[in-house]
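In the text below, chain A, chain B and the rest are named by the order of the sequence lines, each starting its count at 1. Just so we're clear, the structure is a prediction, and the values are computed from it rather than from any experiment. Side chains included, hydrogens not; waters and symmetry mates left out as well; all remaining heavy atoms used.
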There are 2 protein chains.
Amino acid sequence: MVSERETSGPVELREAVDDEGMRGFVGYNIKRAYIRVQGAAQAALAPFELRVLSFTALSIIGTNPGITPSQLAVLLGMERSNVVAVIDDLMSRDLVSRERLETDRRRFALTMTARGGEVQKAAARAIAEFEGRLVSVLSEEEQATLVRLLNRIEAEGAATKD
Amino acid sequence: MVSERETSGPVELREAVDDEGMRGFVGYNIKRAYIRVQGAAQAALAPFELRVLSFTALSIIGTNPGITPSQLAVLLGMERSNVVAVIDDLMSRDLVSRERLETDRRRFALTMTARGGEVQKAAARAIAEFEGRLVSVLSEEEQATLVRLLNRIEAEGAATKD
DNA sequence: TATTGTTATACTCTATAACTATA
DNA sequence: TATAGTTATAGAGTATAACAATA
């Protein structure tokens with residue numbers, strides 16, 4: 001059994017360190033790139049007082065008028081219970097409104113307000129601009145390739161899990 | 001000014017919903033793929049009672065013997081203060097050990113123990129297996145392309161930020 | 001009985017501020 | 001004065017369990 005230190009003598013400061021050992025994991029590389037893009041999105045959304053999650057919820061409600069909180073939870077990949085606060089926040093700022101379904105009074109139909117549409121549109125432009133500063137190091141074709149490869153991994157993950 | 005609902009009459013359940021409106025953002029696609037791969041890594045590490053962050057720290061210490069907590073924090077992309085608990089956990093389980101630097105007694109040199117090396121090796125195999133179930137939908141060449149494209153975005157983010 | 005929205009709660013992850021010991 | 005490690009704390013993000021209203 002080897003001991004914890006291979007060499008003996010005084011311990012010296014290691015000036016150069018790196019994460020090369022982790023780069024073999026595809027997931028690690030995805031994570032690192034994700035952190036950068038997430039940071040850019042947060043910075044872009046800050047002036048609108050929106051978080052990435054809130055913006056995503058707002059956008060999905062906008063393109064899916066009448067969506068219920070439960071359906072939204074599935075798309076956001078989170079529990080129903082955690083969607084409540086997101087919707088409450090968007091409603092309190094008049095970005096989203098809701099209405100009970102007459103056919104099933106347990107459910108609510110969510111819709112984006114006119115004000116919500118304006119905010120969403122401006123926020124989307126801001127994200128595209130900030131994200132573009134990073135992503136534009138890739139050509140349009142490379143961006144399309146990247147998204148296609150990522151989507152295949154995501155789809156396989158869904159297939160494995162569900 | 002348009003009203004919140006374009007159509008009038010009773011609200012009906014929208015059976016089909018989707019997130020197509022978000023797919024135009026490269027970051028959204030990165031995030032969704034990341035969630036899948038992160039989930040696979042968590043599942044792979046569960047038997048070892050390691051979290052993704054702990055495994056990453058353990059691996060980096062293993063390939064950078066003598067690294068200090070501050071240097072580790074930089075590589076992990078987090079604050080020094082949050083590294084403390086990670087190191088404490090790894091040390092309490094005899095996966096990592098530390099020793100004060102004689103040249104600067106404020107700093108600690110971190111090293112992986114023999115036991116840590118065994119656990120890291122087994123955990124790395126488990127992650128590679130679980131991650132492989134997702135990533136193997138891509139050819140080796142496609143995987144390399146994916147990593148290369150992600151790394152360029154990450155590098156641009158670092159350049160923009162730092 | 002089952003489902004939708006909701007509340008309460010806890011745990012993880014992360015950032016900030018302040019402390020200590022060393023430099 | 002400045003830096004390394006540490007502690008305390010707070011804010012997001014997320015999961016689980018239990019409840020009321022409705023089906």
Side-chain angles (χ1 to χ4, degrees), chain A residues 11 13-15 17 31-32 34-36 38-39 41-43 45-46 49-57 61 66-92 96-110 161, chain B residues 11 13-15 17 31-32 34-36 38-39 41-43 45-46 49-57 61 66-92 96-110 161:
Chain A
V11 188
L13 177 63
R14 181 191 192 88
E15 58 290 317
V17 293
K31 179 174 186 171
R32 301 300 295 217
Y34 166 64
I35 290 171
R36 298 296 187 192
Q38 170 85 356
Q42 283 177 344
L45 291 173
E49 292 184 304
L50 282 172
R51 308 193 200 151
V52 174
L53 179 60
S54 304
F55 171 77
T56 304
I61 293 169
I67 189 173
T68 68
S70 285
Q71 289 174 318
L72 182 60
V74 172
L75 287 184
L76 293 176
M78 54 194 289
E79 295 299 314
R80 291 197 312 280
S81 58
N82 293 319
V83 173
V84 177
V86 177
I87 294 175
D88 282 350
D89 174 57
L90 294 174
M91 287 213 317
S92 72
V96 159
S97 67
R98 67 178 186 183
E99 192 173 349
R100 266 194 202 280
L101 284 174
E102 296 179 1
T103 52
D104 185 344
R105 295 185 51 75
R106 290 175 302 185
R107 305 198 228 207
F108 288 110
L110 302 171
K161 187 188 175 190
Chain B
V11 188
L13 177 63
R14 180 189 194 87
E15 57 290 318
V17 294
K31 179 174 187 173
R32 300 301 296 216
Y34 166 64
I35 290 171
R36 297 297 187 192
Q38 170 86 355
Q42 284 177 342
L45 291 173
E49 292 183 305
L50 282 172
R51 309 196 195 157
V52 174
L53 179 61
S54 305
F55 171 77
T56 305
I61 293 169
I67 189 173
T68 68
S70 285
Q71 289 173 318
L72 182 59
V74 172
L75 288 184
L76 292 176
M78 54 194 291
E79 295 300 314
R80 291 197 311 279
S81 58
N82 292 318
V83 173
V84 177
V86 177
I87 295 174
D88 281 351
D89 174 57
L90 294 174
M91 289 212 315
S92 72
V96 159
S97 67
R98 67 179 187 182
E99 194 173 347
R100 266 194 203 280
L101 284 175
E102 296 179 1
T103 52
D104 186 344
R105 295 185 51 75
R106 290 174 302 185
R107 303 200 229 206
F108 288 110
L110 302 171
K161 187 188 176 190

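B/Ile67 has its CD1 atom 14 Å from the C1' atom of D/dA4, to the nearest Å. D/dT14 atom P lies 7 Å from atom CD1 of B/Ile35, rounded to whole Å. One atom, OH of B/Tyr34, and another, P of D/dG13, lie 14 Å apart when rounded to the nearest Å. Per the geometry, CD belonging to B/Gln71 stands 8 Å off P belonging to D/dG5, to the nearest Å. Put simply, CG on B/Asp89 is 15 Å from C1' on C/dC11, counting in whole angstrom units. Put simply, CG on A/Leu76 is 12 Å from C1' on D/dG13, counting in whole angstrom units. Protein atom CD of A/Glu49 is 12 Å distant from nucleotide atom P of D/dA12, rounded to whole Å. Taking atom NZ on B/Lys31 and atom P on D/dG13, their separation rounds to 8 Å, with Å as the unit.
In this structure, A/Thr68 does not reach the C/dT4 phosphate: none of its side-chain N or O atoms is under 4.0 Å from OP1 or OP2. Residue B/Arg51 places at least one side-chain N or O closer than 4.0 Å to OP1 or OP2 of C/dT12.
Between B/Thr68 and B/Leu72, every side-chain heavy-atom pair lies at or beyond the 4.5 Å cut-off. Inter-residue side-chain proximity for A/Phe108 and A/Glu99 is flagged as unmet; no heavy-atom pair is nearer than 4.5 Å.
For A/Leu53, whose side chain is taken as the heavy atoms from C-beta onward, the closest listed nucleotide among D/dT7, C/dT14, D/dT14 is D/dT14. The side chain of B/Arg98 lies closest to D/dT6, out of D/dA4, D/dT6, C/dG5.
Distance check: B/Ser54 OG to B/Ile87 CD1 gives 11.0 Å after rounding to the nearest 0.5 Å. A/Leu45 CG to A/Thr56 OG1: the interatomic distance, rounded to the nearest 0.5 Å, is 8.0 Å. Between the CD atom of B/Gln71 and the CG atom of B/Leu110 there is a distance of 9.0 Å, given to the nearest 0.5 Å.
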TODO: Determine, for nucleotides 15-23 of chain C in 5'-to-3' order, which nucleotides have protein heavy atoms under 4.0 Å from the base (write B), from only the sugar-phosphate (write S), or from neither (write -).
DONE: BBB----BS
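In terms of heavy-atom proximity, A/Asn82 sits nearest to A/Val86 at O-CG2, 3.7 Å.
For A/Asp104, the salt bridge (charged side-chain N to carboxylate O under 4.0 Å, His left out) test picks out A/Arg106, A/Arg107, with sequence neighbours left out.
Along DNA chain C, the nucleotide closest to A/Asp88 and the one closest to B/Gln42 are compared, and the more 5′ of them pairs with A/Asp88.
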